Amino acid sequence: MNPSDPVNRYNELLAGRALGDLSLEEERELALLGKQLGISPDAELELLAGALALEPVLQRPEPMPAGLAARLHQQADMIGLPGGSPIIYPQVPAWKNILLHPMTGWAAAAAVVILSLVLTQTEAPLPPEQAAALLRSVDKDLIERRFVGLGEFKQASGQVLWSDAQQRGFMILTGIPANDPRKAQYQLWIVDPTRDSDAPVDGGVFDIPRNGSPVVVPIAAKLALSNPQAFVITREHPGGVVKSKQEHVVALAKN
Amino acid sequence: MDNEFTQAIMSTPAHVTSKTVLTRVAAGETGAMNVCINLYGPIVWTLVRRYVNNNTSSEDLVQEIFAEIWKKAATYDPAIASESTFIGMIARRRAIDFIRRQLRSPGLVPLEVESSFPNPALEASSIHYDAEALKSSLETLPEETRKLFHLFFYEGFTHPEIADKTGLPLGTVKTRLRRGLLALRDRLRRAGITNTKTVL
């Protein structure tokens, strides 16, 4: 194998991704090579690596801790009751309601996990402001922008916080209409002028629940970012799109 | 999980025991998610524990994984991969992503729920294998590669740990594992075990 050959290098990086050993620089290189070669990665190597990793596990599965199994089943029992997408995290009062009246199944389950992670190791969850403070405390160069609603979404507003150093961030959004995930979903796009491509980076798909405003939405950037200059929310088909036609631009936050 | 169930899981291929569970979950069938947890909970737990030592983090991760399984059940296509492979991929992706975040930002609690792990197009590939086919393809790899695979996939050692055990430089371990995986893929393709619509 000639590692200087771009296709070979691309394949090697794909294998690295499947093995979970890509560095941040290699992730960028993989994305760049993919664009240059016009190749979209598929999951073949990841499935293969997963199959290899699964073999010994299938031979010797260990029982889950009883408490964990009970929690999972309790959450599963709630499926079908009113709820939203698992990636939506209502503000603290709504969150407390979920804890007291766990009616949202896996949406609540996901919220339990995420808020417990977002909101320090203490038992009391932090409100979005404190989560923001947490992120600010670890990155003095935190990027913070205000969202402005556009067109039919003029009521939309909010804030985006992004840490280049940590490669993570989140949005706090209000005034965005609730969506039916079966018909449409919101999608974040991030404009990073340092990337070679003009296309914005996919920041992840999310939903807005009917009664969760404001909502905290973690940013799930698919690629590493460096000093992003703008954040754009669009409404797209369920599952999001690879490239937005920008037919429904909801809100914009920029310098 | 009771012993009877453990035996059932251990003695029967997962894609045979539970081929319709994700379809039932996707359809919103009452109790389907409970069945999914019964079938795959131990597998997901065991897989996560190979990556994450901390009990609390492992339990949180397993809950995240099942939330994602629920969310993605509708995207499962039995023509592409077995159910256990699909679930294993989700679990492994999450676990790897967790480790990567820990390594990159020690001291900061994770803020994201969505994986930062790139999400390649599952529909572009298919992989249906049985243990024997995989084993026989593995046996065609050089002994050194098989040894590295054993340490990485079966024993669960990290790259640095493998470098320590084998005396190989860390970069060499990384490169050989990557190239070994590519070589195995090529052998499986030639044997007709996997295929891809993407021309590489």
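Every heavy atom of this structure was used, including side-chain atoms; hydrogens, water molecules and symmetry mates were not. Everything numeric in this text was worked out from a predicted model, so none of it was measured. In what follows, every chain begins at residue 1, and chains take the letters A, B, ... in the order their sequences are listed.
With a 4.5 angstrom heavy-atom cutoff, B:Leu138 touches chain A only via side-chain atoms.
Ranking A:Ala69, A:Ala66, A:Ala15, A:Ala49 against chain B, the residue ahead of the rest is A:Ala49, based on heavy-atom pairs under 4.5 Å. For chain A, the option among B:Ala32, B:Ser57, B:Gly41 with the highest count of heavy-atom pairs below 4.5 Å is B:Gly41.
Summarising the geometry of B:Val25 relative to B:Cys36, their closest heavy-atom pair is CG2-CB, 4.3 Å, with the distance given to 0.1 Å. The two residues A:Ala53 and B:Tyr51 come nearest to each other via the heavy atoms CB-OH, 4.2 Å.
Every salt bridge (Lys or Arg N to Asp or Glu O under 4.0 Å) that B:Glu144 has, sequence neighbours left out, goes to B:Arg176. Partners of A:Gln187 according to the side-chain hydrogen bond (donor to acceptor under 3.5 Å, both in side chains) rule, which considers only residues two or more places apart in sequence or in another chain, are A:Asp202.
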